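Every chain is numbered from 1 and lettered A, B, ... according to where its sequence line falls, protein lines coming before strand lines. None of these values were measured; they are calculated from a predicted model.
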Amino acid sequence: MDIRPILSTLRRHKFTACLLIAEIALTCAIVCNAVFLIGQRLERMDMTTGIAEHELVYVHMAYIGMPSDGMARSAADVAALRQITGVKSVTMMNQIPFGDSSSNMGLRIDQTQQKDTINSAQYFGENMVQTYGLQVVAGRDFQPEEYQDLDKVFAGLRKGDLNALPKSALVTQAVANRLWPGQSPLGKQVYVGQGIPLTVVGVLKQLARPNQFEKGAQYSVINPIRIAMSQGAIYVLRCAPQDRDQVLKEALAKLKALDPNRIVLNKGTEDQLRHNYFRNDRAMAGILLGVCIALLVVTALGIVGLASFWVAQRNRSIGVRRALGATRRNILSYFQTENFLLTTIGIALGMVLAYGINLFLIMHYELPRLPAIYFPIGAVTLWAIGQAAVLGPALRAAAVPPVVATRSV
Amino acid sequence: MLGYYLDLAVRSLRRNKILTALMIVTLALGIGASITTLTVLKLLSGDPLPEKSANLFYARVDPNPLEGYVPGQTKPDSIMSYTDAMNLMHAHRAVRQAAMALIDAKIDTQHPNDHPYFADGVMTTADFFALFNAPFQYGSGWTADDDESRATLVVIADFLNNKMFGGANSVGKTIRIDDRDFRIVGVLKHWAPQPRFYATDLGGHDYGDGDAVFMPLKTARSLDKGPQDTECYASVSDLQHLESAPCEWLGMWVQLDDSTAVANYRMFLDGYAKQQVALGRFKRSETSLLDLMSWLSDQQVVPNDAKLQTYLAFGFLLICVVNTVGLLLAKCLRRSREIGVRRALGATRRDIFTQFMVEAAIVGVAGGVLGLVLAVLGLWGVRHQPAQYASLAHLDVEMFLVTFAVALVASLIAGLLPAWRACVVAPAPQLKAA
């Protein structure tokens with residue numbers, strides 16, 4: 001196909017050609033960045049927590065009046081909850097991934113440090129590894145005698161009595177790699193704040209913090225501390241995925257029967273927590289997707305509209321070409337090639353613009369750089385849309401009979 | 001003459017209905033998206049206290065250790081320790097001053113069938129209400145003496161008063177909060193500044209309903225109420241006695257009525273920090289005193305998603321306008337002959353130009369009307385989004401007018417190039433070709 005006649009025609013329709021190029025360039029730039037943003041959201045929503053997410057239900061309650069024997073009552077609750085059919089394991093935890101509150105602590109590898117090396121989530125509760133379905137990749141889980149009661153820990157902290165405090169910790173691989181890169185973390189000491197030493201006894205494959213993932217999604221530490229419901233603990237029950245609704249219902253009934261003097265603050269499954277946690281991201285991804293589709297449709301309609309008028313305007317010259325021997329195929333491919341040329345120029349400009357928009361977003365919204373893979377994908381999409389949009393008008397052009405050349409219209 | 005142009009424009013638009021519909025719909029989509037996002041952005045970045053925001057200032061000092069400190073670059077923490085807040089409060093260097101933190105308040109409805117529930121609350125000092133112009137329906141705030149005597153009294157919001165007392169004057173009655181009786185001294189009128197500027201860094205949400213209860217800081221603390229957010233700058237063993245702990249958990253607002261007062265307070269704050277450095281309590285002498293709107297922009301309260309959506313919508317509108325330009329242009333080039341005839345019959349270039357601009361404006365107005373419908377639909381969609389500000393998204397009169405302004409401007413810009421091309425058509429060749 002000779003493109004010289006196309007170029008000389010376009011030179012006489014500079015304005016229309018430029019508009020089409022501008023529209024394609026803008027669409028290309030915006031769609032590339034929007035799709036990239038959608039990808040970012042999906043990636044966020046895809047994060048792993050390391051826990052058996054589909055098997056957990058939770059109940060968070062508060063007392064109306066504070067009981068004095070919180071720890072004993074909680075132990076009775078847990079024993080009762082274990083009796084529910086289908087329940088594999090029960091624990092009382094201070095927090096849960098994707099929950100709305102979080103308990104965090106600063107970790108140091110040296111007592112003389114003035115600032116914390118990392119900020120990590122601080123989980124505690126008995127029997128957590130089994131109930132959350134965590135994977136211990138090195139070392140061991142806590143022994144029963146290692147656990148301390150939270151109220152005694154607080155009392156110890158107030159008096160400065162280190163013996164009342166837990167001495168061991170389970171850390172995630174992410175924490176271990178950050179604190180002691182390339183070394184075995186087992187037996188190493190880590191300090192909470194300036195004073196409290198903990199010995200690492202085991203390493204977890206993964207355990208996400210409850211929220212604030214920007215501080216390091218996998219920075220979590222478990223301490224062997226028992227916590228009572230009156231201290232804000234959450235009941236977490238593990239069961240088979242299909243039993244969750246039934247288990248939750250029975251657990252609520254049982255807890256109510258044991259002590260009616262408390263209110264349920266929150267309840268549900270871990271899957272619901274995840275769903276709720278990412279609902280903003282899901283909404284944003286949906287909006288971006290909607291805008292992308294609307295943009296591509298508008299651009300396609302624009303191409304159809306312009307090409308239609310172009311064909312109508314050049315009816316006569318098409319007739320002349322046909323009369324001089326051009327086949328229908330020639331006419332069809334003329335318009336297709338013309339569109340391809342305009343789209344290509346538009347895409348080239350669009351890429352530069354897309355890069356510019358990305359730079360702006362990097363500066364203002366801490367986004368990563370647009371990966372190069374988006375450029376060819378964007379180009380192919382726009383080429384395809386351009387060709388699809390121009391096909392109708394081009395077929396109409398190809399259908400123009402040669403006899404038009406002899407008419408005066 | 002305008003009537004004639006309108007008639008011509010309508011005829012021309014009706015001649016090609018599909019194309020006209022296409023132009024109107026694309027323009028309406030762009031306008032609908034822009035107005036929806038702009039309404040949300042305006043709502044989020046608005047001034048929560050327009051009559052007073054210029055006189056309200058947020059004070060910060062920096063008690064952190066020296067490590068990681070770059071003089072002139074490290075910003076002070078966004079909240080303050082009790083010691084510093086009280087030192088600044090008792091200095092009385094501003095017209096009004098208040099320290100505050102957020103709490104959860106367990107409210108017992110006293111109805112036999114109702115469970116108690118948790119409501120948002122603020123623990124603060126006496127000046128809070130006058131400082132922020134919080135309007136009272138009944139009663140008033142408490143006094144500085146009540147602060148010191150740890151009086152168990154409370155100011156409640158209108159919605160809590162409606163719920164508990166059916167909207168009647170409840171001043172003097174008691175309300176049970178956290179298993180203790182509080183005497184109600186005041187009931188606020190509806191007061192929910194958007195964003196909730198006074199709490200942006202205290203651990204609460206930035207938008208939504210206002211707080212339900214307001215109680216004296218020392219009273220709340222004597223009942224062991226903890227703040228929603230606590231940040232400690234040295235190792236702590238005792239989080240119960242926050243007053244003496246090296247922890248920050250209070251926000252400090254002051255009212256300064258003119259630039260001299262601001263300059264004086266800034267000097268006082270700097271002096272205070274230097275004095276604390278001399279005493280060995282502080283290692284850094286950095287301070288900050290930002291007015292309300294600067295504080296909000298410093299805190300980046302407006303969610304990035306809302307900004308991105310607005311950029312996206314205007315990008316979309318731009319493409320829609322380019323699209324309309326292309327279609328109008330194509331249309332006008334097709335009508336060269338008609339233009340030639342009109343010119344030959346005596347129409348001036350100005351006449352032709354006006355005629356085409358009128359045609360574009362009609363497309364714009366139609367696009368604006370349809371865009372308004374889309375914006376109302378879009379805002380309905382926003383209200384069903386999972387965001388704190390969702391319930392606030394409504395179209396106001398201003399945005400209603402802005403819609404038509406945007407539509408007209410967009411369509412006239414779109415019409416400019418085609419109209420110019422139309423009016424430069426030379427009549428003679430067009431007539432010859434016919």
Under 4.5 Å from any heavy atom of chain B, what part of [X] do you find: side chain, backbone, both or neither?
X	value
A:Ile357	neither
A:Ala283	side chain
A:Ile30	side chain
A:Ile287	side chain

Practice prompt. Calculate, to the nearest 0.5 Å, the distance between atoms CG and CD belonging to B:Asp206 and B:Gln299 respectively.
Written response: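 CD of B:Gln299 is found 8.5 Å from CG of B:Asp206.
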Worksheet entry | Rounded distance (nearest 0.5 Å) linking atom CG of A:Leu37 with atom CG of B:Asp305 |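 The CG atom of A:Leu37 sits 9.0 Å away from the CG atom of B:Asp305.
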Could you list the donor-acceptor pairs under 3.5 angstrom formed between side-chain atoms of residues 16-28 of chain A and any protein atom two or more places apart in sequence or on another chain?
unit_1	atom_1	unit_2	atom_2	d
A:Thr27	OG1	A:Glu23	O	2.7
A:Thr27	OG1	A:Thr299	OG1	2.8

Item to complete: Please report the C-alpha distance between A:Arg314 and A:Phe335 in whole Å, then the side-chain angles of each, then the deciding distance to 0.1 Å, and finally whether the side chain to side chain contact (heavy atoms under 4.5 Å, CB included) criterion is met.
Response: CA-CA 11 Å; A:Arg314 284 184 274 179; A:Phe335 281 98; 3.7 Å; yes
Fill in: Pairs of heavy atoms under 4.5 Å with chain B: top-ranked of A:His364, A:Arg279, A:Met284
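Going by pairs under 4.5 Å, I would pick A:Met284.
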Practice prompt. May I ask you to name which of A:Ala312, A:Gly286, A:Ala34, A:Gly305 has the most heavy-atom pairs under 4.5 Å with chain B?
Written response: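 Answer, by heavy-atom pair count under 4.5 Å with chain B: A:Ala312.
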Worksheet item: Which atoms of B:Asn64 come close to chain A, meaning under 4.5 Å heavy atom to heavy atom: side chain ones, backbone ones, both, or neither?
Response: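 Neither part.
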Discussion item. I'd like to know which of B:Gln300, B:Lys307, B:Met23 tops the heavy-atom pair count under 4.5 Å against chain A.
Written reply: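 Highest number of pairs under 4.5 Å: B:Lys307.
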Practice prompt. Give the member of B:Thr26, B:Leu329, B:Leu312, B:Leu29 that has the highest number of heavy-atom pairs under 4.5 Å with chain A.
Written response: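 Option with the top pair count is B:Leu312.
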Practice prompt. State, without any angle test, whether B:Ser12 and B:Arg335 hold a side-chain donor-acceptor pair at a distance under 3.5 Å.
Written response: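 Yes, B:Arg335 and B:Ser12 have a side-chain donor paired with an acceptor closer than 3.5 Å.
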Using a 3.5 Å cut-off and no angle test, enumerate the donor-acceptor pairs between side-chain atoms of residues 417-424 of chain B and protein atoms at least two apart in sequence or in another chain.
none

Discussion item. Ring-plane angle category for A:Phe98 and A:Tyr277, please: parallel below 30°, perpendicular beyond 60°, tilted otherwise.
Written reply: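 Tilted: the ring planes of A:Phe98 and A:Tyr277 meet at 30° to 60°.
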